[in-house]
**Q** 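Structure provided below as structure tokens; questions to follow.
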Amino acid sequence: MYIRGCTMREITYVEALNEALREEMRRDERVIVMGEDVQLGYSGRGGLFLVTADLMREFGPERVRDTPISEEGFVGAAIGAAITGLKPVVEIMYADFLLCCMNQIVNVAAKLRYSTGGQLKVPIVIRTMIGQGRGVGSDHSQVPIAWFMNVPGLKVVAPSTPYDAKGLLKSAIRDESPIIFFESFLLYRTKGFVPTEEYIVPLGEADVKRKGTDLTIVAISTMVPCALSAAKKLKEEFNIDAEVIDPRTLVPLDKKTIINSVMKTNRLIIVESGVKTCGVGAEIASIVAEETFDYLDAPIKRVAAPHIPAPASPALEQLTIPSENDIIRAVREILQG
Amino acid sequence: MYIRGCTMREITYVEALNEALREEMRRDERVIVMGEDVQLGYSGRGGLFLVTADLMREFGPERVRDTPISEEGFVGAAIGAAITGLKPVVEIMYADFLLCCMNQIVNVAAKLRYSTGGQLKVPIVIRTMIGQGRGVGSDHSQVPIAWFMNVPGLKVVAPSTPYDAKGLLKSAIRDESPIIFFESFLLYRTKGFVPTEEYIVPLGEADVKRKGTDLTIVAISTMVPCALSAAKKLKEEFNIDAEVIDPRTLVPLDKKTIINSVMKTNRLIIVESGVKTCGVGAEIASIVAEETFDYLDAPIKRVAAPHIPAPASPALEQLTIPSENDIIRAVREILQG
Amino acid sequence: MYKLLREAEGEGLERLHSDLLIWMYTKMLEIRRFEEKIEEEYRKGLIPGLVHLSIGQEAVAVGVCANLRDDDYVIGTHRGHGIAIAKGVPLDKLAAEILGKETGCCKGRGGSMRVAYVDKGLLYSCPIVGTGLPLAVGAGLSIKLRKTNQVAVCFFGDGASNTGDFHEALNLASIWRLPVIFICENNMYAISVHVKKSTSVENISDRARGYNIPGFTVDGNDVIAVYKIVREAVQRARNGEGPTLIECKTYRIVGHGTTDPGIAYRTIEEIEEWKRKCPIDRLRRYLIANGILSEEDLNRIGSEVEARVREAIKFAEESPYPSPDQVAEYVY
Amino acid sequence: MYKLLREAEGEGLERLHSDLLIWMYTKMLEIRRFEEKIEEEYRKGLIPGLVHLSIGQEAVAVGVCANLRDDDYVIGTHRGHGIAIAKGVPLDKLAAEILGKETGCCKGRGGSMRVAYVDKGLLYSCPIVGTGLPLAVGAGLSIKLRKTNQVAVCFFGDGASNTGDFHEALNLASIWRLPVIFICENNMYAISVHVKKSTSVENISDRARGYNIPGFTVDGNDVIAVYKIVREAVQRARNGEGPTLIECKTYRIVGHGTTDPGIAYRTIEEIEEWKRKCPIDRLRRYLIANGILSEEDLNRIGSEVEARVREAIKFAEESPYPSPDQVAEYVY
Ligand SMILES: Cc1ncc(C[n+]2csc(CCOP(=O)(O)OP(=O)(O)O)c2C)c(N)n1
Ligand SMILES: Cc1ncc(C[n+]2csc(CCOP(=O)(O)OP(=O)(O)O)c2C)c(N)n1
Ligand SMILES: [Mg+2]
Ligand SMILES: [Mg+2]
């Protein structure tokens, strides 16, 4: 990702998020950070995964606030703060713990603007992490993106690169709607280039991560690097030229970019690391099937997790996360079929 | 719905549910009922909508248990009771309040069997009601069926007739998995015939509510009567012969019945009263598109709620629930298109 | 302009402005008359959704809000009309909201259970029991960080005190020492469930100790007592001394909602007894006994209130419904 | 067979069987050695996921479980190995579970944080903080309805006492008078957050009053004290006298999990001080001082424990991983 006229630095996904938080906190004193262990964590710098590193040192304990284990309570509090002048960025340590505060997120945050006839705005960002990929088990590995897409009033973001993570988190913080922001443990240590200069990535724009002509692969979050390496192999080994699209924000969804791609390639695969049934792929497949019916040369395939809670044993867990091979197999199926 | 050799009685959807509870409580003393206001309610007989009417009188306060307003706590307690020998049927007054106990349902109930390597079973039924259709507003009108379909370990049931409601609730109570059982306010007073004799409806079997040849309409819960009346009009006014299928259970889903129908009619519309994005229709559309690709003569259409929280004002609410006309319009579109 | 008086009750030394007392009387009466009219409108089929009246509980909302400035925050409940009126929501906008009209304070999108009127500090009314408490904590946090001396007040019922939200909110308000006042309207029932059946303590204020904050129980049908205890809590909050839990014991003499006759789970005697404890009659007697208002004054106030309420309902009835083409506004 | 002894502490009149004391010593040592080995296995890269050791907290699990029958229910936590060992889970099945093997008590599906062994009454260990408390309430309800005289015991941390689940569970257990014993392992930290920063009360047992149930705080590094206070609670529970909340003050002398050095948010002095309060050393001194065991006996026990733990780890290491074709079993 090179941008004309920008100096670029290579940083990790975690560092990118950290920079976004720091920059936005400097820019706007209404921005505060709340969550468990955001002040110290294991390192003493902040955050179990260092996303909030050194923020407490710079902004103090009032704006970088450790919370008790009360997800429903502190998310509710963040909403209350958001409607009265602050811009809270809340950390929910694992995406699974969103289940502890669904009531405040869905019944309150998502509804306030509408049910008050526009009197209230809820500028809150709920950052969370998908824990898959290291045997943390059934209640620490879920990918509940689709549920939030089903809730009018929420926006949903899931970046896959340091560049997108930083630029989208900054946009999210500046937005006036409640936003669920999905990070991923498997992406935290990945590296990528970001501009030295300030930049943002607007919500609602998909990114074509790889241009191609033979088929379209829409990949979500953790699955983007995997889809890209699968695409590379497909080219090298089978001379199949896949276009890889990362929607980056699921709500609002950039349908146009996806539809245009499918109208060009006539084939679509959607790859996500969450459960297939009623997942993100179901929605994208449905939209594309509805809007590009006459262009499709093969059935749309969804590559996703099977209908199984995440096993702790690594021998089993790997079977529940789609792999490069699963993607390659699916691609070859629809190209041959 | 007539069954050979059975005497039939006409009862309401609520009465059907009530009979199922009573019969199963008589049959198995491990069955208990828990929830807010299940003992007395407004009538003194039990339940705000009378689903638990007269159960306290017959089975006493130990087995028919009023709870505090603690959905997370009492659903957790029901799970704890289920893994130690009871079979709790829990009432969550409105489906929206499932958000208050998502953590226990999804992180605990759905995971226990798998994460303990099969040591535990969780025979619990969580009954709840979709509140749409009478202006009860944004947090009392949601249709969160799809979220639970996305959670391996849960079964999901949503009957549309008194016959199905009774037969499926009885099956659900006898099942050993955690089940989310969706009822609907708009169906509560509808009437239908049920056998005088005992019967059950097995989980996982769709029902063809109307035979037809021109297209398939899959309708969910509240939308089934609406789809049937639309089908009637379509026949009368446009000579279009729609087949109407009610999946009745969403997990496990009877794909075969749906797919067979589409392979016959070559056209599919899915009707649900919940939000379209990532709803039930997305999953069914994706499955059918994947498995009947060569049979489809038109794009699959989803008729569902728009991306708007439910407004309280009746003038607006009616715009957010699909109508007979919406169905007819969609049908005519894909038949002409 | 202000007529001062000695109080007959309490410490006996406090003096309340008579116009404050008159204001409280008038507001309570406004709530009562308004709710009665709303019930009629409901019977006429003009109101969608669920409607929960606060007849009998007027002293709580009024005694609390009498201490508040327009810029102080309030979070109400599903039983929120009285709170809204006490906090200053115009009757016409409130009635129109309940009837689902575009002229309502939430443009008809919220309805009876979700009244909000930000201009007067009423942030929201929470129909999901318990959810208001964390919201109020957040408002308190915002006040603290913005360094204003507002307060945030949260109303909730006895039933709500058993939700996890209650626990998490009170703990947060305490550890962060926030200017939040938690007002429990203990009307002894959560729908059909008596508080004894659902709640493990005698007084809900007993739970304050579990959060190391002051907790008080007060006669919720005595508007002066409510006013005074809340005044102290507001002072503590404005002085940075943290939150308070105040339990107001009261009673709804009507059913839970307009579809509930309210007699299946409680005795007629109990209802009659509480009718005799009517907070409005009580203040009325006090005003007369202390020579603050004459029967004549009271009748005049009564007619004025009636007229205002009638006007408001008329306004609501005559207002247009929201236009279909605006159904998708205010989502994002 | 039983050597009896006078207690040096407490009421002074109680007598505990010496074999109970020896059992408790042995179990605590087993936990300590087991956890040390698990830490090694983790460093070797043989353990997936998150691993939370209970080194330093052994007296709580052992003092509690010494009172329980096999058919009594226990719900553990993410820090659950010690609880599992105290409740009787075989070391080999436990180690195999932690290593994700098919021979584990949950066939490798649960891992370190989700140990269950229904044969010995360990229903589950709950990695989502707080969720165990309502489950235990349900187990208690089931006991009550089935009219057995079992008890249900729930372990949870200081951090968990701030969850809504805590509140809702304690209220339910109280109003329904269930045979549930809530054991708070207060080790002063929830990951890096000190209990003072997150929790509004001095003693978590202070919260018992908010539910009208007995609450006690006990030195959680004194296994005899833990044993005795829990014994009373178990008796009350079996007699139908309802739940009890017991807070055991203790300390984890290791990090929160195996990836946490545990020194960024607390001082070396604090850690050293608590190392000196080691519950195992303490009972060891007591056993010697009271002539119950000799140095020699203790060394023998030590070697036996070492051997058992070594065996268990060996078993786990050598066991096969679950077979891929069974990945979809146990879902429904
Ligand atoms: C979480 C949740 N559960 C259940 C309900 C249904 N409900 C609406 S009001 C109510 C009773 C509330 O009792 P209380 O808090 O005492 O307030 P009151 O109605 O007595 O004013 C219930 C159970 C709800 N709105 N939210
Ligand atoms: C609901 C929830 N929030 C956050 C976490 C992450 N987490 C795991 S353990 C832990 C700290 C628990 O503290 P405490 O209850 O005191 O138990 P301890 O670890 O000290 O034994 C946290 C925050 C979680 N597992 N569940
Ligand atoms: Mg009440
Ligand atoms: Mg702790």
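As the structure is a computational prediction, the values presented were derived from the model and not from experiment. To find a chain, count down the sequence lines: A is the first, B the second, and so on, and within it residues start at 1.
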**Q** Distance from K107(C) atom NZ to S115(A) atom OG, nearest 0.5 Å?
**A** 14.0 Å
**Q** Return the option, out of G118(A), P178(A), A82(A), P252(A), with the maximum number of heavy-atom pairs under 4.5 Å with chain C.
**A** G118(A)
**Q** Output the residues of residues 84-93 of chain A for which the shortest heavy-atom distance to chain C is under 4.5 Å, in residue-number order; output 'none' if no such residue exists.
**A** T84(A), G85(A), L86(A)
**Q** List the atom of V137(C), the atom of A77(A), and the distance in Å for their closest heavy-atom pair.
**A** CG1-CB, 3.9 Å
**Q** Looking only at non-hydrogen atoms, find the nearest pair between P68(A) and N171(C) and report the distance.
**A** CG-ND2, 3.7 Å
**Q** Looking at L172(C) and F74(A), what are the two nearest heavy atoms and their distance?
**A** CD1-N, 3.8 Å
**Q** Of the backbone (N, CA, C, O) and the side chain (C-beta and beyond), which part of R65(A) lies under 4.5 Å from a heavy atom of chain C, both, or neither?
**A** side chain
**Q** Among H167(C), K144(C), Q326(C), R109(C), which residue has the highest count of heavy-atom pairs closer than 4.5 Å to chain A?
**A** R109(C)
**Q** Hey, is the main chain of A116(C) close enough, under 3.5 Å, to the side chain of Q119(A) for a donor-acceptor pair?
**A** yes
**Q** Would you find a donor on one side and an acceptor on the other, under 3.5 Å apart, between the side chain of Y124(C) and the backbone of L112(A)?
**A** no
**Q** Taking it one step at a time, do E62(A) and L145(C) satisfy side chain to side chain contact (heavy atoms under 4.5 Å, CB included)?
**A** CA-CA 7 Å; E62(A) 288 287 329; L145(C) 265 64; 3.2 Å; yes
**Q** Is any side-chain heavy atom of T131(C) closer than 4.5 Å to a side-chain heavy atom of N103(A)?
**A** yes
**Q** With a 4.5 angstrom heavy-atom cut-off, which part of F166(C) approaches chain A: side chain, backbone, both or neither?
**A** neither
**Q** Between R146(C) and chain A, with a heavy-atom cut-off of 4.5 Å, which part of the residue counts as in contact: side chain, backbone, both or neither?
**A** side chain
**Q** Which pair of heavy atoms, one from Y330(C) and one from R113(A), lies closest together, and at what distance?
**A** O-CG, 3.4 Å
**Q** For residues E72(A) and D165(C), determine if any side-chain heavy atom of one lies less than 4.5 Å from a side-chain heavy atom of the other.
**A** yes
**Q** Side chain, backbone, both or neither: which part of V180(C) has a heavy atom under 4.5 Å from chain A?
**A** neither
**Q** Looking only at heavy atoms and a cut-off of under 4.5 Å, which of G164(C), G140(C), C105(C), A169(C) has the most pairs with chain A?
**A** C105(C)
**Q** Which region of E29(A), side chain (C-beta onward) or backbone (N, CA, C, O), has a non-hydrogen atom less than 4.5 Å from a non-hydrogen atom of chain C, or is it both or neither?
**A** neither
**Q** With no hydrogens and no angle check, is any side-chain donor or acceptor of Y73(C) less than 3.5 Å from a backbone partner on G80(A)?
**A** no
**Q** Examine whether an atom of I175(C) lies under 4.5 Å from a heavy atom of chain A, and if so say whether it belongs to the side chain, the backbone or both; otherwise answer neither.
**A** side chain
**Q** Nearest heavy-atom pair of I32(A) and L141(C): which atoms, and what distance?
**A** CD1-CD2, 4.2 Å
**Q** Checking V108(A) against I128(C) for the side chain to side chain contact (heavy atoms under 4.5 Å, CB included) test, could you report, in this order, the C-alpha distance in whole Å, the side-chain angles of both residues, the deciding distance, and whether it holds?
**A** CA-CA 8 Å; V108(A) 186; I128(C) 305 290; 5.7 Å; no
**Q** Given heavy-atom pairs under 4.5 angstrom as the criterion, report whether the side chain, backbone, both or neither of K155(A) touches chain C.
**A** both
**Q** Closest approach of P134(C) and G73(A), non-hydrogen atoms and distance?
**A** CB-O, 3.5 Å
**Q** Using non-hydrogen atoms only, which part of E329(C) is less than 4.5 Å away from chain A: side chain, backbone, both, or neither?
**A** backbone
**Q** If you round to the nearest 0.5 Å, how far is OH of Y117(C) from OG1 of T116(A)?
**A** 13.0 Å
